[in-house]
Amino acid sequence: SPDVRNNAAPHNSAGPFCCFGLMKAAVKWAVGAGALDALPALPMPPMEESRVEHLTKAEFRQFLEGCEAAHVRLFAILAVTTGARTAAILQLTWPQVDLARCIADFNPPTLERRKHKTRAIVPLNGPAMQALREAVKVRTTDHVIEYAGRPIASIKTGVRLASERSRVPVHPHMFRHSAAVWMAEARVPLDEIARFLGHSNVEITRNVYAKFNPDYLQQAATALDWED
């Protein structure tokens, strides 16, 4: 049901990689501090198959029809056209958006960058630019996503209400998955999808989204045809 799907936590196949990165950083620190004599071999953990909840383009159009709140509609459009994570979009400020060059830099301001992982700098397409040009005319804060004159900390309630009105089961992270799936379906190269999403390792992108490319393993399958 929509309620169950909305409340389910999105599956994160990159979890082992995040833990591995933390462990590797801790071991490097221990070597630098003299607690360990040398850096031990740290094999990369295998990626597991990922369940990818995403929307078709028709479902996304239907979802937008249920967006009565302007900030929810703007969030959804930016989420699906940039593939950015929810936090990056909610933290995005107007100085990070270059309307003249049609580019969004999702990295926090310079003084705060060391607190965050590097985020993507992506071009903005036509629908995104149209939504942003409309939003900038009525802005009241420095944040791109705002409500009642203030930035917001969570978009979950707004997305849930729009999901109920449109009868399209959605949770915020589905927009990022949808962006990646649409790119794969359009045969965008995996390394380009990885850069667009801000993935540090293209193998994460390959494991999760390669199967959505219409050409996925087709050459291998064709080679197994024994008929002339």
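These numbers were taken from a predicted model, which means no experiment stands behind them. Hydrogens, waters and symmetry mates are skipped; everything else that's a heavy atom, side chains included, is used.
Nearest heavy atoms, R133 versus L99: NH2-O, 4.0 Å. Between L90 and I155 the shortest heavy-atom distance is CD1-N, 4.2 Å. Of all the heavy atoms in S163 and V170, the pair that sits closest is OG-N, 3.3 Å. When all heavy atoms are compared, the tightest approach of A184 to Y209 is CB-O, 3.6 Å. In plain terms, the two heavy atoms of F196 and T81 that are nearest each other are CZ-O, 3.6 Å. Minimum interatomic distance between G149 and T140 (heavy atoms only, all atoms of both residues): CA-OG1, 3.4 Å.
Residues Q91 and R85 bring no donor and acceptor atom of their side chains to less than 3.5 Å of each other. Between the side chains of T93 and Q96, a donor-acceptor pair is found at a separation under 3.5 Å. A side-chain donor-acceptor contact under 3.5 Å links T141 and E146.
Counting only heavy atoms from C-beta outward, the side chains of I145 and H143 never approach each other to under 4.5 Å. Between L78 and L132 the shortest side-chain heavy-atom distance falls below 4.5 Å.
When atom types are taken as modelled, the side chain of W182 and the backbone of L55 share a donor-acceptor pair closer than 3.5 angstrom. Although no hydrogens or angles enter the test, the distance criterion places no donor-acceptor pair under 3.5 Å between the side chain of E134 and the main chain of A131. In this structure a side-chain-to-backbone donor-acceptor pair under 3.5 Å is present from R165 to G66. The closest donor-acceptor contact from the side chain of R176 to the backbone of G83 lies under 3.5 Å. Checking side-chain atoms of Q62 against main-chain N and O of S166 turns up a donor-acceptor pair under 3.5 Å. Side-chain N or O atoms of T205 include none that pairs as donor or acceptor with a backbone N or O of I193 at under 3.5 Å.
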For R61 and E65, what are the C-alpha separation, side-chain angles and deciding distance, and is it a salt bridge (charged side-chain N to carboxylate O under 4.0 Å, His left out)? CA-CA 7 Å; R61 289 192 293 268; E65 293 177 1; over 6 Å; no
One pair to check against side chain to side chain contact (heavy atoms under 4.5 Å, CB included): V144 and I89. What are the steps and the verdict?
CA-CA 8 Å; V144 174; I89 297 172; over 6 Å; no
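Tracing side-chain contacts under 4.5 Å through hydrophobic residues (I, L, V, M, F, W, Y), one never reaches V181 starting from Y216; they form parts of separate clusters. Under the 4.5 Å side-chain heavy-atom criterion for ILVMFWY residues, a single connected hydrophobic cluster contains both L74 and V136. L161 is not connected to F175 by any chain of hydrophobic side-chain contacts under 4.5 Å among Ile, Leu, Val, Met, Phe, Trp and Tyr, and they are in different clusters.
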